[in-house]
Amino acid sequence: MSAAGQPFRDNLTMLRRNLLHARRYPSLTLNLLLTPVILLLLFVYVFGDVMSAGINGGHADRAEYVAYLVPGILLLTVSMTSLGTAVSVATDMTEGIMARFRTMAISRASVLIGHVLGSVIQTLMALVLVLGLGLAIGFRPDATPLEWLAAAGLMTLVSLALTWLAVGIGLVSPNPEGASNTGTPLVMLPFLSSAFVPVDAMPGWFRWFAEYQPFSPVIETLRGLLLGSGIGTRNAVLAVAWCVGLTVLGYLWSKARFNREPRR
Amino acid sequence: MTTTNADPLAIAATGLRKSYGDKTVLDGIDLHVPAGTVFSLLGPNGAGKTTAVGILSTLISADGGQARIAGYDVTAEAQAVRAAIGVTGQFSAVDGLITGEENMLLMADLHHLSRQEGRRVTAALLERFDLTEAAKKPASTYSGGMKRRLDIAMTLVGSPRIIFLDEPTTGLDPRSRHTMWQIIRELVSGGTTVFLTTQYLEEADQLADRIAVLDGGRIVADGSAEQLKRLVPGGHVRLRFSDPEAYEQAATALREATRDDEALTLQIPSDGSQRELRAILDWLDAAGIEADELSVHTPDLDDVFFALTATPVPAQSADKETAR
Ligand SMILES: Nc1ncnc2c1ncn2[C@@H]1O[C@H](COP(=O)(O)OP(=O)(O)O)[C@@H](O)[C@H]1O
Ligand SMILES: [Mg+2]
């Protein structure tokens, strides 16, 4: 039985399947990409003056606000694409071919891993696009190559964590619409962090939540890496710990859900 | 472990039970299918056929009982069972978003065929199932019959020894149905064991070596098509008369006939064989009786169910020996 020994090949096969889907039907990915792009332009060109009030004692100029905003938008890009994963996993579970996969001697996890790997790749591509737009409108990072690498690594970790959670959400949702609803917190969390406005500018109770939720240490670390403002060990460790923890949690949850008997 | 691959039974299940809530779907069924034969599980909608296929193909678990496929236990050795079987479920199990060819190559990859071998097998199967022309089109654009054929072609990629086909012809037009029958016959001639479910007695009759009738969660009869039909009194020859005198004459002479005086028809129990028909015709000729119409009625599933479930007969087994 060659089957049991080849989970790696199954993962690649399922990854290919998911990339093929994404290539044939790019509209879901593109729609999700639209949100961070529009928000970036909106925040900078329309609300910029108001939003920047909390930065630099209220004296921030546009360039400063762009510098503050882009890392947050990058994070939003990651969470938007993971919402797409929740939807496409839920869609995939309604497909007849799932029953076929379940009766084949393949690595079962590969069905999910294919989704995750595909999403992470799409996320990284989306990040490059959004970053390009950021550079075009005046984002001026001063990261060293090593810091760029670390930033990319961090984004990959975040993407892995959110995507595994999204897979779990997709699996527990009865249909794609449900997945989209259940997955909304993934997209809301960046807004409730220091991604768009500094935590100091928030009301007290809200500030407490914003400070302790996973996105805040991630965003602060990303800012530190890209803008050279120093990353602070505490934030970096917290960020990585959150990502690894959520990845493990999401993976175990998803796997358990997928191993349950298929619903009709 | 006591498993052997030399088990002469491709499928051996005893006492399978499954309930959903307080609805008992399978109430202890036994199935024995010798390797290299076609077995048909016959039953109306909702009888539990898909549930049985689901259990035997490791898709769902039974609440009770045991099943071994190719000698492996469906629960303890599910992965080994999966390596031995191919399943074409009741509902299309193709990936509609990608092309027929991509579906086939996906299967080849999941069976760990080399790229070259995968391409070869894909091309050969697409050709065999008359899908070469549609190979580059998304599977979602296929007609019902084409989807079914692709479904089966995908099932065959790994050359499974045992194949499950859950209602392979339901919803197909007569032409596609006959194509499907031909496909199934070819599979069998290649030595594959086929487990087929159907709602049509005719289909089981055409294809299966052995048939089991599933009703109310139990196997109410099993045996060859011939054996089953003998259990069923539904087969008859009907003679219709327009002349009451001829009708009367025939009715008195034909003792075993059932009369319908209003319609002037007589029903004579018959298996519809050439021999029996000739006997009836000879007899009519000899007696100088001319019927206006003679029609042959073979038992259908309704007759089977009427016969098997109307009276509280215990589960009948026409010949248990051959299954052992
Ligand atoms: N997952 C399920 N949950 C609840 N009831 C089910 C489920 N699967 C099947 N059933 C019920 O079990 C019975 C048998 O279903 P099924 O095996 O699909 O029959 P068949 O394939 O012979 O038409 C039906 O009454 C069906 O409603
Ligand atoms: Mg069914």
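Letters A, B, ... mirror the listed sequences (proteins, then strands); counts begin at 1. Scope of the values below: all heavy atoms of this structure, side chains included, with no hydrogens, waters or symmetry mates.
Summarising the geometry, atom CZ belonging to Arg100(A) is positioned 10.5 Å from atom CG belonging to Asp95(B); distances are rounded to the nearest 0.5 Å. Taking CG from Asp151(B) and CD1 from Ile97(A), the interatomic distance works out to 8.5 Å, rounded to the nearest 0.5 Å. Expressed to the nearest 0.5 Å, how far CG of Leu110(B) lies from CE of Met104(A) amounts to 4.5 Å. Expressed to the nearest 0.5 Å, how far CZ of Phe101(A) lies from CG of Leu59(B) amounts to 13.5 Å. From Glu102(B), atom CD reaches atom NE2 of His21(A) across 8.5 Å, with rounding to the nearest 0.5 Å.
Under the 4.5 Å side-chain criterion, counting only non-hydrogen atoms from C-beta, Arg24(A) is in contact with Thr99(B).
The two residues Gly96(A) and Ala93(B) have their closest heavy-atom pair at O-CB, 3.4 Å.
Annotation: maximal heavy-atom pairing with chain A below 4.5 Å, among Gly89(B), Ser61(B), Ser92(B), occurs at Ser61(B).
Annotation for Gln66(B): atom CD does not count as buried by contact number, only 12 or fewer foreign heavy atoms lying within 6.0 Å. Atom CZ of Arg9(A) sits in a crowded spot, with more than 12 heavy atoms from other residues, nucleotides or ligands closer than 6.0 Å.
Taking the charged nitrogens against the carboxylate oxygens, Arg16(A) and Asp109(B) do have a contact shorter than 4.0 Å, which makes a salt bridge.
The part of Met14(A) that comes within reach of chain B is its side chain, from C-beta onward, which places non-hydrogen atoms under 4.5 angstrom from that chain. Both the backbone and the side chain of Arg102(A) come within contact range of chain B, judged by heavy atoms closer than 4.5 Å.
Of the possible polar contacts, one joining the Gln79(B) side chain to the Ile106(A) backbone as a donor-acceptor pair under 3.5 Å is found.
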